[in-house]
Amino acid sequence: MKNKLKFLVVVGARPNFIKIAPLFEEFKKYKSIKPILVHTGQHYDFEMSQVFFDGLRIPKPNYNLGVGSGSHGVQTAKTMLKLEPVVLKEKPDIIVVVGDVNSTIAAALVAKKLNIPLAHIEAGMRSYDSNMPEEINRILTDQISDFLFVTSESDKKNLLREGIDSKKIFIVGNIMTDTLLKMINKATGKILEKLSLKKNNYAFLTIHRAENTNKKEILKGILEAISRISERIPIVFPIHPRTKKNVEEFGIETILKSQGLITIPPVSYIDSIGLMKNAIFVLTDSGGIQHETAILGVPCLTLRKNTEWSITIKSGSNRLIGVSKVKIIKAVFDVIGRKKKRIKTIKYWDGKTSQRIVRLLYKKINAR
Ligand code: UD1
């Protein structure tokens, strides 16, 4: 057996932080694992990054590459340029990447070009929409990974269809569930009080995806629908920096001034769970929120035509409603009038995903 095994974990954007928190908790149980955390700096605002490190007690990164914003090419290339020397210096036994952001694919490429084993957590997810930058990141990362950790049987099937060897695929469940189950009871009503909201008497909204926010007509249509809905029910809207920037650039800020629409800066993990848990329904284009609402048992209306979280549609919590103004309004009024559906629990989404991953990687890397 080797001495200490070096696990180098790379993160860059908000959803990544939620995925690695339970992994680092699990590493603590293994004296012979030396974790090294690299933050690429893709997300850098306090509310988009540090607040998650603090709230989820993630250790301070050993390296922050300070990559920041830029075009996809610039962001990916900068990450590769800055990560390679770190990897050459640290010589890890394995590199672990999570999710589907630009930092994920950049780190995956660096790992494999240096012949270092690569593990991808949340592999096999597919929206089958190649216009989504995340879909490209997922497909390419999966093609070059050595250990592919999937959340469900159907994600495994997606990988098999792409010719990936079944020996590399492990169904371990959803790592974000580990974080959610651990934090759920800590999510109090404080944020509701602060915003003067009552339980089950408001909706929660997030929009940040490039395809929904980069075109004026689409963003304007979504916000006009939201504004109409907010006349009937208060809507809390923590606004992503990209969405905020685009609303200002398109000169459509007045729509955000609608009565009943409560626009706030991005919120911490705990506040986000607290707001979701007590909402009558959630409107979103986020991936993570589709799965969180599935576990919380809150109806989710997804502002997209497709989803990589198809399991949440099957389990009954989620509905794809697209982005047309008329359809959004109709779907929302429909959900307000309905009784809550019974939501089925999802196999392996039990809070033990990080245990399964670390145990398996430890065994496999030791055996090499
Ligand atoms: C990225 C991920 C997306 C994920 C999302 C979560 C990719 C391709 N996309 O999208 O899958 O759902 O993170 O938020 O990696 N900005 C700031 N401060 C920040 C971060 C971003 O102001 O801390 C602004 C910048 O103007 C930036 C824009 O937001 O250009 C977009 O940020 P970027 O990292 O490119 O992608 P996200 O839209 O956040």
Side-chain angles (χ1 to χ4, degrees), residues 10-21 38-54 56 61 64-80 82-83 97-109 120-123 125-127 129-142 175-176 179 205-215 218-219 222 237-250 265-269 272 282 284-293 300 302-304 306-309:
V10 183
V11 290
R14 188 166 61 172
N16 291 169
F17 312 140
I18 301 162
K19 288 167 199 164
I20 59 133
V38 180
H39 187 335
T40 65
Q42 179 175 342
H43 282 177
Y44 43 86
D45 283 356
F46 180 81
E47 297 100 349
M48 297 295 286
S49 176
Q50 192 57 42
V51 94
F52 289 83
F53 279 76
D54 296 345
L56 299 172
N64 192 320
L65 308 180
V67 165
S69 299
S71 68
H72 287 259
V74 166
Q75 208 170 42
T76 312
K78 258 184 162 178
T79 306
M80 291 182 69
K82 295 195 168 188
L83 180 61
V97 296
V98 294
D100 55 15
V101 303
N102 287 342
S103 301
T104 310
I105 179 64
L109 283 168
H120 183 205
I121 301 179
E122 220 181 66
M125 307 213 73
R126 297 289 181 269
S127 63
D129 177 357
S130 54
N131 289 319
M132 278 179 83
E134 293 83 2
E135 185 75 353
I136 311 297
N137 295 343
R138 293 180 194 120
I139 296 172
L140 298 181
T141 304
D142 286 342
I175 199 156
M176 278 195 280
T179 312
L205 164 75
T206 77
I207 326 165
H208 76 278
R209 214 152 273 291
E211 60 271 25
N212 284 348
T213 56
N214 283 357
K215 286 204 186 104
I218 296 183
L219 185 57
I222 298 175
F237 180 24
I239 191 162
H240 184 284
R242 170 216 290 282
T243 311
K244 185 168 185 276
K245 196 174 89 187
N246 290 352
V247 164
E248 286 161 7
E249 249 174 58
F250 299 151
V267 287
S268 68
Y269 182 77
S272 152
V282 169
T284 192
D285 63 4
S286 149
I289 289 180
Q290 293 175 56
H291 103 85
E292 282 158 356
T293 45
C300 180
T302 297
L303 298 159
R304 285 173 55 186
N306 49 49
T307 180
E308 56 289 352
W309 289 99

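Indexing begins at 1, ligand by ligand and atom by atom, following the structure's order.
For R209, the closest heavy-atom approach to ligand 1 falls below 4.0 Å.
Protein heavy atom closest to atom 34 (O) of ligand 1, with residue, atom name and distance, is Q42 NE2, 3.1 Å. Atom 39 (O) of ligand 1 has H43 NE2, 2.7 Å as its closest protein atom, hydrogens excluded (heavy atom only). Considering only non-hydrogen protein atoms, atom 36 (O) of ligand 1 sits nearest to R242 NH2, 3.7 Å. Protein heavy atom at the shortest distance from atom 2 (C) of ligand 1 is V101 CG1, 3.6 Å. Regarding atom 27 (C) of ligand 1, its nearest protein heavy-atom neighbour is S69 OG, 3.2 Å. In this structure, the protein non-hydrogen atom closest to atom 17 (C) of ligand 1 is Y44 OH, 3.2 Å. The protein non-hydrogen atom at the shortest distance from atom 4 (C) of ligand 1 is H208 NE2, 3.7 Å. Nearest protein neighbour of atom 24 (C) of ligand 1, counting heavy atoms only, is P241 CB, 3.8 Å.
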Mind running side chain to side chain contact (heavy atoms under 4.5 Å, CB included) on I175 and V98 for me, showing each step along the way?
-> CA-CA 10 Å; I175 199 156; V98 294; 5.8 Å; no

Side chain to side chain contact (heavy atoms under 4.5 Å, CB included) between F17 and T179, worked out = CA-CA 10 Å; F17 312 140; T179 312; over 6 Å; no

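The Q75 neighbourhood of ligand 1 comprises atoms 34 (O), 35 (O), with distances under 4.0 Å to a heavy atom of that residue. Of all the atoms in ligand 1, the ones that sit under 4.0 Å from a non-hydrogen atom of E134 are 2 (C), 3 (C), 9 (N), 11 (O).
Contacts with ligand 1 closer than 4.0 Å are made by side-chain heavy atoms of M48 only, the backbone lying farther away. If you look at P15 next to ligand 1, the close heavy atoms, those under 4.0 Å, all belong to the side chain.
Of the candidates N246, D45, N102, N102 brings a heavy atom nearest to atom 15 (O) of ligand 1.
Under a 3.5 Å cut-off, the side chain of T243 and the backbone N or O of I239 do not form any donor-acceptor pair. In this structure, the side chain of T79 does not engage the main chain of S103 through any donor-acceptor pair within 3.5 Å.
By the 4.0 Å N-to-carboxylate-O rule, E248 lies close enough to K244 to be salt-bridged with it.
Side-chain contact between V101 and Q42 is present, with heavy atoms from C-beta onward closer than 4.5 Å. Put simply, the side chain of Q290 reaches to within 4.5 Å of the side chain of T307, judged on heavy atoms. Inter-residue side-chain proximity for K82 and T40 is flagged as unmet; no heavy-atom pair is nearer than 4.5 Å. When side chains are defined from C-beta on, P15 does not count as touching M176, because their heavy atoms never get closer than 4.5 Å.
Take F52 and apply the ring-ring contact (aromatic ring centres under 6.0 Å, His included) test, not counting sequence neighbours, and it matches no residue.
Taking only nitrogen or oxygen atoms, main chain and side chain alike, N137 does not reach within less than 3.5 Å of ligand 1.
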